[in-house]
Amino acid sequence: MRKFKEAYKQAVDSMPRYHISADCVTDELRHRRLLNRRRRKTAMQAAAAVLFLACGAGTVTAMNYHKSIFQVTENGFTAVSEGALVTEEETLPAKEAGAEAEAAQSALAQEREEPQVLEAQTYVPVEYTSIEAFEEAEDISIAIPDQDWLGGTPLNERVLVMGEGDRVMLTVNYEECCFSMSQWDHRDATGYASSTVFTGESDNEREYTNSQGLEYMLFDIMEEGMVSSTHAVISVNGRDLQLDFSGYDEETIEHILNNLDLSIYFKEE
């Protein structure tokens, strides 16, 4: 745990910061009887400051960062590319590894001291007012749950596409529930770190394995002693998925996660 925090802090401190705020769209014409339910959606609808960083050349090792390491924080979660975590083998004392290890360690230290070439992602979002319009206009692979699972006919939908599909955010509002989803495409990144923060406190961290044998990390956001939203994250073949549920029970959430087909991320593009 200590090594994770040190590696993550080092990655974040050395990179430029970029903040994004993604808001669920609320329907101001709803009846007053839904006011309390809308308040419970706030944590997800405010969908918080997201910090995304991407490294270019100059990383310690030439690895493919196709998997993220997630960690639940006090009020959200962090994601760090797996290769950004420094292994113990990289820091072994030279006297234990001999002359060859000493030379390799010296070269590694010199590489770490050289300026990192960093690339801050600059996003110009394209907005769509429906999932159908997004799918007709964009050629981006993204696993979107079936509308029948989410709640039938929505009140409204919103999709934001950033860069060349580096990030996609969608929100679907129903009368008594709200679903949102974010997808990060890290396939062209050699290293990255991100942090997502919600209103409230994280609780009940757990794992869920779907019918395809892929494991999600889940946690709840608590406000005033109640679950205001549930969040699921997974790293799958170069993409990170974040699914946010407000107004859904655990059984429905597990049904959606179990039946969401993630095989599209393993097909040749």
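If you're wondering where the values come from, they're calculated on a predicted model, not measured in any experiment. We're numbering straight along the sequence, starting at 1.
Distance check, rounded to the nearest 0.5 Å: OH of Tyr248 to CG of Leu150 gives 4.5 Å. Here OG1 of Thr73 is found 8.0 Å from CD of Gln71. Values are rounded to the nearest 0.5 Å. Atom CD1 of Ile234 is separated from atom CG of Leu262 by 5.5 Å, given to the nearest 0.5 angstrom.
Side-chain contact between Val168 and Phe134: present, with at least one pair of heavy atoms (C-beta onward) separated by less than 4.5 Å. Side-chain contact between Asp261 and Gln212 is present, with heavy atoms from C-beta onward closer than 4.5 Å. Side-chain contact between Asn75 and Glu201 is absent, with no heavy-atom pair separated by less than 4.5 Å. The side-chain heavy atoms of Val233 and Phe77, taken from C-beta on, include a pair separated by under 4.5 Å. Considering only heavy atoms from C-beta on, Met222 comes within 4.5 Å of Val227 through its side chain. Side-chain contact between Val159 and Ile131 is present, with at least one heavy-atom pair separated by less than 4.5 Å. Within the 4.5 Å cutoff, no side-chain heavy atoms of Phe219 are placed close to those of Phe70.
Tyr216 places no side-chain N or O within donor-acceptor distance of the main-chain N or O of Asn258, the cut-off being under 3.5 Å. Checked by atom type and distance alone, the side chain of Ser81 pairs as donor or acceptor with a backbone atom of Tyr192 at under 3.5 Å. Not a single donor-acceptor pair under 3.5 Å links the side chain of Thr171 to the backbone N or O of Ser180.
The minimum heavy-atom distance between Pro125 and Met162, with the atom names listed, is CB-CG, 4.2 Å. Between Met181 and Pro145 the shortest heavy-atom distance is SD-CD, 4.2 Å. Taking both residues in full, the closest heavy atoms of Ser141 and Tyr265 are given as O-CE2, 3.7 Å, listed atom of the first, atom of the second, then distance. Of all non-hydrogen atoms in Glu157 and Gln147, the two that sit nearest each other are OE2-NE2, 2.6 Å. Between Asn210 and Leu260, the shortest heavy-atom contact is ND2-O, 4.3 Å. Among all heavy-atom pairs drawn from Arg239 and Asp185, the shortest one is CG-CA, 4.2 Å.
Between Asp240 and Arg167 there is no salt bridge, since no side-chain nitrogen of the basic residue lies less than 4.0 Å from a carboxylate oxygen of the acidic one.
The local environment of CG in Asp139 is sparse, with at most 12 non-hydrogen atoms from other residues, nucleotides or ligands closer than 6.0 Å. Within 6.0 Å of CD on Glu224 lie no more than 12 heavy atoms contributed by other residues, nucleotides or ligands. Counting non-hydrogen atoms of neighbouring residues, nucleotides and ligands closer than 6.0 angstrom, the CD atom of Glu215 exceeds 12 such neighbours.
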### Task
For the pair Arg206 and Asp220, evaluate side chain to side chain contact (heavy atoms under 4.5 Å, CB included) and give the outcome as yes or no after the intermediate values.
CA-CA 9 Å; Arg206 57 204 185 274; Asp220 299 326; 3.2 Å; yes

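A donor-acceptor contact closer than 3.5 angstrom links the side chains of Asp244 and Gln242.
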